[in-house]
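So you know, we letter chains A, B, ... as the sequences are listed, proteins then strands, and number each from 1. Note that this is a predicted model, so its numbers are computed, not measured.
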Amino acid sequence: MVIDPLVSSLRIAGSGLQSQSARLRIVAENIANAQSTGSAAGSDPYARKTITFESALDRASGENLVAVKSVGVDATPFRTEHLPGNPAADDKGDVKLPNVDLLFEMADMREANRSYEANLQVVKQSREMISQTIDLLRT
Amino acid sequence: MIGALLPLAASAVQTLTTSPAAPATTASGASFSDIMAQASGDALKTLKTAEASSMTGLEGNANVQQVVENVMSAERTLQTTLAIRDKAVAAWQQISQTAI
(Lines give C-alpha, C1' and ligand atoms only; values in the text may rest on other atoms or scores of the structure.)
Protein backbone atom coordinates (compact mmCIF):
# COMPACT_ATOMS: atom_id res chain seq x y z
CA MET A 1 0.00 0.00 0.00
CA VAL A 2 1.39 3.38 -1.00
CA ILE A 3 0.93 6.09 1.57
CA ASP A 4 0.70 9.67 0.42
CA PRO A 5 3.73 11.58 1.78
CA LEU A 6 1.50 14.51 2.66
CA VAL A 7 -0.76 12.26 4.71
CA SER A 8 2.36 10.76 6.30
CA SER A 9 3.60 14.18 7.30
CA LEU A 10 0.24 14.83 8.94
CA ARG A 11 0.64 11.68 11.03
CA ILE A 12 4.26 12.44 11.91
CA ALA A 13 3.42 15.98 12.98
CA GLY A 14 0.56 14.49 15.02
CA SER A 15 3.02 12.29 16.91
CA GLY A 16 5.12 15.40 17.54
CA LEU A 17 2.09 17.17 18.97
CA GLN A 18 1.42 14.25 21.31
CA SER A 19 5.03 14.08 22.54
CA GLN A 20 5.14 17.79 23.21
CA SER A 21 1.90 17.61 25.16
CA ALA A 22 3.39 14.78 27.24
CA ARG A 23 6.38 17.05 27.88
CA LEU A 24 4.13 19.90 28.95
CA ARG A 25 2.39 17.49 31.32
CA ILE A 26 5.70 16.68 33.01
CA VAL A 27 6.49 20.41 33.31
CA ALA A 28 3.06 20.94 34.88
CA GLU A 29 3.74 18.18 37.43
CA ASN A 30 7.12 19.66 38.30
CA ILE A 31 5.74 23.18 38.73
CA ALA A 32 2.74 22.01 40.74
CA ASN A 33 4.95 19.96 43.06
CA ALA A 34 7.68 22.57 43.48
CA GLN A 35 6.87 22.83 47.20
CA SER A 36 5.82 19.22 47.93
CA THR A 37 7.75 17.91 50.91
CA GLY A 38 7.91 14.31 52.10
CA SER A 39 5.16 12.89 54.27
CA ALA A 40 7.25 11.52 57.15
CA ALA A 41 9.93 13.34 59.17
CA GLY A 42 13.20 13.49 57.23
CA SER A 43 11.78 11.72 54.17
CA ASP A 44 12.54 12.68 50.59
CA PRO A 45 10.35 15.30 48.90
CA TYR A 46 9.00 15.24 45.34
CA ALA A 47 11.83 14.58 42.88
CA ARG A 48 11.83 16.53 39.64
CA LYS A 49 10.77 14.43 36.66
CA THR A 50 12.54 14.47 33.33
CA ILE A 51 11.29 13.30 29.95
CA THR A 52 13.22 12.00 26.94
CA PHE A 53 12.09 11.30 23.41
CA GLU A 54 13.09 8.75 20.82
CA SER A 55 12.43 8.11 17.17
CA ALA A 56 9.86 5.35 16.66
CA LEU A 57 9.79 3.66 13.26
CA ASP A 58 6.31 2.69 12.13
CA ARG A 59 7.09 -0.43 10.11
CA ALA A 60 3.76 -0.53 8.25
CA SER A 61 4.29 2.86 6.64
CA GLY A 62 8.03 3.50 7.09
CA GLU A 63 7.34 6.70 8.98
CA ASN A 64 9.79 7.88 11.61
CA LEU A 65 7.45 9.03 14.36
CA VAL A 66 8.51 10.49 17.68
CA ALA A 67 7.58 8.84 20.96
CA VAL A 68 8.28 9.35 24.64
CA LYS A 69 11.31 7.22 25.50
CA SER A 70 11.21 7.42 29.25
CA VAL A 71 10.06 9.55 32.12
CA GLY A 72 12.96 9.65 34.58
CA VAL A 73 13.79 11.26 37.87
CA ASP A 74 16.29 14.11 38.18
CA ALA A 75 19.19 12.99 40.41
CA THR A 76 20.36 16.46 41.48
CA PRO A 77 20.40 16.83 45.31
CA PHE A 78 17.41 18.30 47.10
CA ARG A 79 17.42 21.78 48.60
CA THR A 80 17.31 21.91 52.40
CA GLU A 81 15.81 24.62 54.49
CA HIS A 82 15.75 25.08 58.26
CA LEU A 83 12.04 24.90 59.16
CA PRO A 84 11.68 23.22 62.58
CA GLY A 85 7.89 23.60 62.61
CA ASN A 86 7.40 21.61 59.42
CA PRO A 87 6.03 18.04 59.83
CA ALA A 88 8.65 16.80 57.38
CA ALA A 89 11.57 18.29 59.33
CA ASP A 90 14.26 15.88 60.55
CA ASP A 91 15.68 15.88 64.09
CA LYS A 92 17.89 18.90 63.29
CA GLY A 93 14.89 20.87 61.99
CA ASP A 94 15.96 20.71 58.34
CA VAL A 95 13.34 20.08 55.64
CA LYS A 96 14.25 18.64 52.25
CA LEU A 97 12.58 20.58 49.45
CA PRO A 98 12.16 19.38 45.83
CA ASN A 99 15.01 19.93 43.34
CA VAL A 100 12.63 21.81 41.03
CA ASP A 101 14.00 25.06 39.61
CA LEU A 102 11.17 27.20 38.25
CA LEU A 103 13.55 28.89 35.81
CA PHE A 104 14.35 25.54 34.19
CA GLU A 105 10.68 24.59 34.10
CA MET A 106 9.74 27.88 32.43
CA ALA A 107 12.44 27.39 29.80
CA ASP A 108 11.28 23.83 29.22
CA MET A 109 7.67 24.94 28.96
CA ARG A 110 8.54 27.61 26.42
CA GLU A 111 10.49 25.08 24.37
CA ALA A 112 7.57 22.63 24.43
CA ASN A 113 5.29 25.44 23.32
CA ARG A 114 7.54 26.43 20.41
CA SER A 115 7.96 22.84 19.30
CA TYR A 116 4.20 22.31 19.43
CA GLU A 117 3.69 25.40 17.29
CA ALA A 118 6.22 24.15 14.76
CA ASN A 119 4.41 20.81 14.47
CA LEU A 120 1.08 22.61 14.12
CA GLN A 121 2.57 24.64 11.30
CA VAL A 122 3.54 21.40 9.53
CA VAL A 123 -0.03 20.14 9.93
CA LYS A 124 -1.45 23.38 8.54
CA GLN A 125 0.90 23.43 5.59
CA SER A 126 0.38 19.82 4.52
CA ARG A 127 -3.36 20.14 4.95
CA GLU A 128 -3.37 23.18 2.72
CA MET A 129 -1.29 21.39 0.09
CA ILE A 130 -3.64 18.39 0.13
CA SER A 131 -6.77 20.46 -0.26
CA GLN A 132 -5.19 22.57 -3.01
CA THR A 133 -4.48 19.35 -4.89
CA ILE A 134 -8.03 18.09 -4.42
CA ASP A 135 -9.30 21.46 -5.63
CA LEU A 136 -7.67 20.74 -8.97
CA LEU A 137 -10.56 18.36 -9.65
CA ARG A 138 -13.03 21.19 -9.26
CA THR A 139 -11.93 23.55 -12.01
CA MET B 1 -23.62 13.96 10.97
CA ILE B 2 -21.11 13.71 8.11
CA GLY B 3 -21.50 9.94 8.03
CA ALA B 4 -25.13 10.29 7.00
CA LEU B 5 -24.14 12.36 3.98
CA LEU B 6 -21.48 10.08 2.60
CA PRO B 7 -23.62 7.02 1.78
CA LEU B 8 -25.58 9.29 -0.57
CA ALA B 9 -22.46 10.45 -2.35
CA ALA B 10 -21.00 6.95 -2.38
CA SER B 11 -24.15 5.35 -3.76
CA ALA B 12 -24.32 8.09 -6.37
CA VAL B 13 -20.81 7.21 -7.46
CA GLN B 14 -21.61 3.49 -7.38
CA THR B 15 -24.80 3.71 -9.45
CA LEU B 16 -23.08 6.02 -11.89
CA THR B 17 -20.19 3.71 -12.36
CA THR B 18 -22.15 0.47 -12.52
CA SER B 19 -24.58 1.54 -15.23
CA PRO B 20 -22.39 2.99 -18.00
CA ALA B 21 -19.11 1.26 -17.23
CA ALA B 22 -20.33 -2.26 -16.48
CA PRO B 23 -18.97 -3.91 -19.64
CA ALA B 24 -15.66 -2.10 -19.37
CA THR B 25 -13.91 -4.76 -17.29
CA THR B 26 -10.19 -4.10 -17.15
CA ALA B 27 -7.56 -6.70 -17.96
CA SER B 28 -6.61 -7.15 -14.31
CA GLY B 29 -10.06 -8.53 -13.51
CA ALA B 30 -11.38 -5.78 -11.24
CA SER B 31 -13.82 -3.48 -13.01
CA PHE B 32 -13.89 0.25 -12.52
CA SER B 33 -17.07 -0.06 -10.50
CA ASP B 34 -15.45 -2.62 -8.19
CA ILE B 35 -12.59 -0.26 -7.54
CA MET B 36 -14.98 2.60 -6.91
CA ALA B 37 -17.05 0.44 -4.56
CA GLN B 38 -13.96 -0.50 -2.58
CA ALA B 39 -12.79 3.12 -2.47
CA SER B 40 -16.15 4.34 -1.23
CA GLY B 41 -16.18 1.55 1.38
CA ASP B 42 -12.78 2.73 2.64
CA ALA B 43 -14.06 6.30 2.69
CA LEU B 44 -17.05 5.26 4.78
CA LYS B 45 -14.75 3.51 7.22
CA THR B 46 -12.63 6.66 7.61
CA LEU B 47 -15.74 8.71 8.32
CA LYS B 48 -17.02 6.22 10.88
CA THR B 49 -13.65 6.21 12.69
CA ALA B 50 -13.76 10.00 12.76
CA GLU B 51 -17.25 10.03 14.20
CA ALA B 52 -16.44 7.47 16.85
CA SER B 53 -13.30 9.32 17.89
CA SER B 54 -15.02 12.70 17.93
CA MET B 55 -17.63 11.19 20.23
CA THR B 56 -14.98 9.89 22.64
CA GLY B 57 -13.31 13.30 22.30
CA LEU B 58 -16.51 15.05 23.31
CA GLU B 59 -16.67 12.85 26.39
CA GLY B 60 -13.11 13.87 27.17
CA ASN B 61 -11.66 10.37 26.85
CA ALA B 62 -9.35 10.89 23.89
CA ASN B 63 -6.35 12.94 22.83
CA VAL B 64 -7.33 16.22 21.23
CA GLN B 65 -4.62 15.65 18.63
CA GLN B 66 -5.98 12.21 17.77
CA VAL B 67 -9.53 13.51 17.39
CA VAL B 68 -8.43 16.41 15.19
CA GLU B 69 -6.31 14.08 13.05
CA ASN B 70 -9.23 11.69 12.49
CA VAL B 71 -11.73 14.44 11.77
CA MET B 72 -9.32 16.08 9.33
CA SER B 73 -8.81 12.80 7.50
CA ALA B 74 -12.60 12.41 7.31
CA GLU B 75 -12.92 15.90 5.88
CA ARG B 76 -10.25 15.12 3.30
CA THR B 77 -12.01 11.88 2.34
CA LEU B 78 -15.36 13.62 1.99
CA GLN B 79 -13.89 16.33 -0.19
CA THR B 80 -12.17 13.81 -2.43
CA THR B 81 -15.36 11.77 -2.74
CA LEU B 82 -17.41 14.83 -3.62
CA ALA B 83 -14.87 16.02 -6.17
CA ILE B 84 -14.72 12.58 -7.84
CA ARG B 85 -18.51 12.34 -7.82
CA ASP B 86 -18.81 15.73 -9.48
CA LYS B 87 -16.31 14.65 -12.12
CA ALA B 88 -18.20 11.38 -12.72
CA VAL B 89 -21.53 13.19 -13.00
CA ALA B 90 -20.03 15.69 -15.45
CA ALA B 91 -18.58 12.87 -17.55
CA TRP B 92 -21.90 11.03 -17.58
CA GLN B 93 -23.72 14.19 -18.63
CA GLN B 94 -21.26 14.80 -21.44
CA ILE B 95 -21.81 11.26 -22.71
CA SER B 96 -25.59 11.56 -22.49
CA GLN B 97 -25.55 14.87 -24.37
CA THR B 98 -23.57 13.48 -27.26
CA ALA B 99 -25.41 14.06 -30.56
CA ILE B 100 -26.17 10.76 -32.25
Side-chain angles (χ1 to χ4, degrees), chain A residues 1-29 51 53 56 58 60-61 63-68 71 112-139, chain B residues 2 5-6 9-10 12-13 16-17 28 30 32 34-50 52-54 56-57 60-95:
Chain A
M1 194 168 104
V2 183
I3 292 173
D4 184 0
L6 287 177
V7 178
S8 290
S9 57
L10 276 181
R11 282 194 56 202
I12 296 165
S15 78
L17 292 180
Q18 282 181 29
S19 319
Q20 294 307 321
S21 18
R23 180 183 189 176
L24 193 62
R25 195 203 120 159
I26 300 295
V27 173
E29 284 180 14
I51 187 167
F53 302 111
D58 183 21
S61 53
E63 296 161 357
N64 252 318
L65 304 172
V66 59
V68 174
V71 174
N113 187 15
R114 291 282 179 237
S115 190
Y116 197 94
E117 278 174 6
N119 280 299
L120 271 185
Q121 209 59 42
V122 173
V123 171
K124 265 189 204 161
Q125 192 69 51
S126 27
R127 195 174 160 223
E128 200 184 314
M129 284 162 78
I130 291 171
S131 56
Q132 278 175 348
T133 314
I134 295 175
D135 281 349
L136 281 182
L137 284 175
R138 286 189 229 275
T139 46
Chain B
I2 320 167
L5 263 177
L6 196 80
V13 174
L16 259 176
T17 51
S28 61
F32 180 62
D34 284 345
I35 296 168
M36 289 311 286
Q38 203 213 328
S40 58
D42 287 351
L44 262 181
K45 211 169 74 186
T46 315
L47 281 199
K48 280 183 181 146
T49 323
S53 76
S54 57
T56 47
N61 299 329
N63 272 345
V64 187
Q65 294 90 12
Q66 206 77 52
V67 174
V68 171
E69 207 180 311
N70 285 336
V71 172
M72 269 178 9
S73 95
E75 189 194 3
R76 204 169 56 233
T77 314
L78 183 69
Q79 297 214 323
T80 319
T81 318
L82 290 183
I84 291 174
R85 183 210 56 179
D86 290 351
K87 272 286 170 198
V89 169
W92 175 236
Q93 279 181 339
Q94 275 185 357
I95 293 169

**Backbone N/O of A:Val66 and side chain of A:Ser15: donor-acceptor pair under 3.5 Å** =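 Yes; at least one donor-acceptor contact below 3.5 Å.
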Under a 4.5 Å heavy-atom cut-off, does chain B meet the side chain of [X], its backbone, both or neither?
{"X": "A:Arg127", "result": "side chain"}
{"X": "A:Ile130", "result": "side chain"}
{"X": "A:Thr133", "result": "neither"}

**Request:** Below 4.5 Å from any heavy atom of chain A, which atoms of B:Gln79 appear? Answer side chain, backbone, both or neither.
**Result:**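 B:Gln79 touches chain A through backbone and side-chain heavy atoms alike.
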**Message:** Can you tell me how far apart CG (B:Asn63) and OG (B:Ser53) are? Round to the nearest 0.5 Å.
**Reply:**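 If we round to the nearest 0.5 Å, B:Asn63:CG and B:Ser53:OG are 10.5 Å apart.
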**Item:** Non-hydrogen atoms of A:Val68 and A:Ala22 that approach each other most closely
**Value:**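 Looks like CG2-CB, 3.8 Å.
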**Prompt:** Got A:Tyr116 and A:Arg23 here, is their nearest side-chain heavy-atom distance under 4.5 Å?
**Reply:**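 Side chain of A:Tyr116 against side chain of A:Arg23, heavy atoms only: no contact under 4.5 Å found.
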